[in-house]
Amino acid sequence: MSRPVGRIRFMDAQRVNLDGFAVPDAALGLIAFDSPADPEPSLVIADGRVVELDGRPEAEFDTLDEFIARHGLDLAVGDEAMALDNVEFARMVVDPSVARAEIIRLSAGMTPAKLAKSLAMLRAPELMMAMTKMRARRTPSNQAHVTNRLDDPLLLAADAATAAAFGFRELESTVPVLADAPSNAVAVTIGAAVGAAGVLVQCSVEEAAELELGLRGFVSYAETISLYGTDQVFLDGDDTPWSKAFLTSAYASRGIKMRVTSGGGAEALMGGAEGRSMFYLESRCVALARAIGSQGVQNGGIDSASVAGAVPRGVRSLTAENLMVMMRNLESCSGNDALMSESEMRRTARTLPTLLAGSDFICSGFGSIQRYDNMFGPSNMNAEDIDDFLAIQRDWGVDGGLRTATAENIGELRRRAVAAVRAVYSWFGLAEFTDEHAERAIDAAGSKDLGDTDTMAVLNAARTIRDSGMTGIDIVTALYESGFQTEAERVLDMLKARVDGDHLHTAAIFDEQMNVLSLVTDPNDYRGPGTGYDLSGERAVEIDAIRQQRSVADLLDAQAGAADSDAFTSSGTAAAGQDPREVVIGLSPAAGRAIWTTLSGLPLTVALQEILAGLEEEGCLGRVVRINDTIDVGRIGLIAARLSGSGIGIGLQGKGTALIHRRDLPPLANLELYSVAPNITRELYRLLGINAARHALGATPDPARNPYSDEAIEARYHTKVVSFVAIERRCEQPGRAPEQLELRGVS
Amino acid sequence: MTRTAFSGLSSDAITIDAARSGDLGPDDVRISADTLAEQATVAECHENPQLAENFRRAAELVGFTDEELMRLYETLRPRRATAEELRSLAASLTERGAVRNAALVREAAAVYARRGLLR
């Protein structure tokens, strides 16, 4: 094969081409929707008992069919729901005027194949409309991963506090070393309590181990209860629908929130898809989740997100999976979890619909720590992306569950979280940490900043926590006695919540006043524009006021800090010059009055000195005037040219934009324009002076090339430009004549 | 609303002072069967009879120790128990008033036998 042309070689080298793209192969389950082997929907009920489900007679039911048939369907609406035309039902799902409750009622009577067929036809904006209406909780929320490579308790606590400060209402930890789990659970629980009240915490490990952490009161919810869409893969996971149903009740019997985990592509990944489409198999998982009595489901591409992402319409199917959970009247913890692409655009595009539509949890694991510290593997969104995510919330005016946090706040919380864990570990004799370790954990952006730590100490601490019979109540006492009263109250509140059990209901989170927000207390009431959740005043401020936003006042402050107020002296109205070697430099109204530094960060006086030096180099004389009655750099240059003995003038705005003008040209024409102010260096201002002189003397200038780059120059500077212009406008004085200026140190 | 813990303690009495004086035990922060039954009614009113049923099964399990729960879960996993073991498990659950859980175990036993999931 011949070598492809350069354009293709260039495209091949882009990061998106590191992703795998699969030819659809139904036999392997590498197909998003509608595999030839997917059954036709059917539901036959005889004497109140399901005797056929999706084409399979009762005698041939596998374990999933059996459990769904016996527990999962509302047989009273079965006939009505199954008789509905797929298109008609799909339209009802999308239509805001059809109430959520009606869709919930009908979905309860639909078999997995029926629901899969109806939802497969929804296109992207329809899925988003449907999610907006169908999610259980009115207020959207988000979940974070908090882990690190070392299971370092101090860093875990600092990062948990950080995640809570940024607004995450559930924190999920896990371990690279299984035996460390109790230590991680305790450290994240304490860190979360430092960050905010009412943050739910889990530590994801093997089913039985996770249950134990919950029973001991070290964590407040559980999520790693996996369901799979085929019998074979389910059994490979060492469970049955009955063992999972029991586990679900075991959690409820201790007042612990739990949800199950599934997700399209898992069966194909394990070689057990039985030729079915990912979406149909996921439909079975979701039906089973409802049948076993789970309040919610984490799905939409968890570990197998990239498998779904590899096939046509796979990403769409992930979002449809979330919708299906909502339609079964369950909490949706909506994936956007494992990193599904090397491409920034693909991974963003995957998450955007969920963020815009809103979900109970936009991500079922936003990596609040850096990618390398995520012990689930990198997430689709990570610490690297928190500011991006905050900006996107602000762009669209949507609530993705996050809020901005000040640098001071994060610093203080991290310090307190580290101190709290250190105190509790010391209280129980679990481990002693050095001051240096503590300081590093406070400042660390990730575990690589910790240096060498004693990982055996973590292991020993975890063993002691497990063997000593310690419980959540002991942590409350240790926190209180060590001076962390607020945190002690918060940890106790989470234990007390178990007694009330209100957070066991669908889609429950706590707000920071410990109110439960759930399907019961905060039901989604979307019925079209003007209804449903919208940003309230306080929440809008949290989303809008990101820490990077700047006002005109901020720019004025910064400029005032750089003020060099005696650099210029005015000596009255500027007169026209006669010397043919003279070039006049016209400054804008605010230059040297309110503006002292250009967009490139150069002091205005330095820019001016360079221009003057360039003029002098070529044998010309520079004269500086301020133009008071216009802020337009073209007019400023033209007025300067008309005052100039040579007829050549230079216009220079406070922000640094400059041009060369000639007295006989129209205002908008000019000889040379230096328009990209942020990129104009000292050398370029020097060249500007040289070229202006050559124009004045009739020599041939070598025009400057504007320094273009591939950076988003406008994105970086346009907000500042608006402020610069506003300041210039304030200094503008219509009718006031140009004034002669002397620049200090220049004769 | 004030609810009562598994131990009989009112949730109002779950305080820092109680924890500090050592008066608070694990059973004081455990949910009670009555509360779960009440939550089952709420779930039913919110169109989720399966969640309600889960809460009712959970209400039966409130009095089981942590170790018992772990053991029961283990027994229900694939190929852990014989038909006879599952039958006697169901019987013992019934004896302790856990009739819904017993029914679940009996149903599992029948399906496990048909699908080759018994030990």
Side-chain angles (χ1 to χ4, degrees), chain A residues 61-63 66-67 70-72 74 101 104-105 108 207-208 211-212 215-217 231 235 238-240 242-243 245-255 290-295 329-330 471-473 476-477 480-481 485 488-489 492 495-496 498-502 504-506 519-520 523, chain B residues 1 3-6 9 11 14-16 19-20 22 24-26 28-33 35-36 38-39 42-43 45-62 64 66 69-70 72-80 100-101 104-105 107-108 111-112 114-115 117:
Chain A
F61 280 178
D62 65 15
T63 59
E66 184 80 33
F67 205 97
R70 300 300 158 239
H71 303 278
D74 181 352
I104 295 296
R105 185 184 75 84
E207 265 87 345
L211 177 62
E212 191 184 347
L215 296 175
R216 295 277 290 275
D231 228 22
L235 297 174
D238 205 16
D239 266 302
T240 72
W242 287 265
S243 63
F246 181 81
L247 194 54
T248 305
S249 300
Y251 277 109
S253 78
R254 294 304 190 269
R290 169 75 185 256
I292 67 175
S294 171
Q295 64 80 31
N329 204 17
L330 302 175
T471 69
I473 296 168
V476 171
T477 307
Y480 193 94
E481 302 300 343
Q485 283 84 0
E489 293 274 4
L492 183 63
L495 293 171
K496 198 171 160 182
R498 296 179 174 206
V499 173
D500 295 336
D502 294 324
L504 302 178
H505 287 290
T506 303
L519 174 75
V520 174
Chain B
M1 187 198 303
R3 294 206 174 89
T4 304
F6 174 72
L9 190 74
S11 71
I14 303 171
T15 63
I16 288 282
R20 286 175 65 205
L24 222 51
D28 297 320
V29 290
R30 256 169 79 177
I31 197 166
S32 70
T35 301
L36 279 163
E38 196 184 307
Q39 299 295 10
V42 175
C45 294
H46 288 82
E47 310 308 319
N48 198 332
Q50 289 81 5
L51 184 60
E53 177 65 16
N54 173 36
F55 291 158
R56 293 191 178 111
R57 283 197 306 265
E60 294 179 350
L61 298 174
V62 159
F64 286 61
D66 294 355
L69 288 186
M70 310 274 272
L72 276 164
Y73 167 56
E74 185 60 24
T75 309
L76 276 171
R77 294 177 100 166
R79 303 188 185 94
R80 300 298 204 281
R100 291 165 191 273
N101 285 282
L104 194 76
V105 170
E107 187 181 280
V111 178
Y112 289 9
R114 182 164 65 77
R115 304 289 299 178
L117 299 176

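Within every chain, numbering begins at 1; the chains are lettered A, B, ... in the order of the sequence lines, protein sequences first and strands thereafter.
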Of the backbone (N, CA, C, O) and the side chain (C-beta and beyond), which part of [X] lies under 4.5 Å from a heavy atom of chain A, both, or neither?
| X | answer |
| --- | --- |
| B:Leu36 | side chain |
| B:Tyr112 | side chain |
| B:Ala59 | neither |
| B:Glu38 | neither |

Residue part contacting chain B, namely of A:Arg216, when any heavy atom lies under 4.5 Å: neither

Contact origin within A:Val520 toward chain B - heavy atom pairs under 4.5 Å: both

Main-chain N/O of B:Pro49 paired with A:Asp74 side-chain donor or acceptor, under 3.5 Å: no

Backbone of B:Thr4 reached by a side-chain donor or acceptor of B:Ser32 within 3.5 Å: yes

Name the member of [options] that forms the most heavy-atom pairs with chain A at distances under 4.5 Å.
| options | result |
| --- | --- |
| B:His46, B:Glu74, B:Arg20 | B:Arg20 |
| B:Leu72, B:Val105, B:Asn101 | B:Leu72 |
| B:Asp28, B:Val111, B:Val62, B:Asp66 | B:Asp66 |
| B:Thr75, B:Leu117, B:Leu51 | B:Leu51 |
| B:Thr35, B:Leu9, B:Leu104 | B:Leu104 |

Polar side chain donor-acceptor pair, A:His505 to B:Gln39, under 3.5 angstrom: yes

Residues A:Thr240, B:Leu76; criterion side-chain contact (heavy atoms from CB on, under 4.5 Å); working and verdict: CA-CA 8 Å; A:Thr240 72; B:Leu76 276 171; 5.5 Å; no

side-chain contact (heavy atoms from CB on, under 4.5 Å) between A:Phe61 and A:Asp231, intermediate numbers included: CA-CA 10 Å; A:Phe61 280 178; A:Asp231 228 22; over 6 Å; no

For the student: nearest non-hydrogen atoms of B:Glu47 and A:Ile104, plus distance: CB-CG2, 4.0 Å

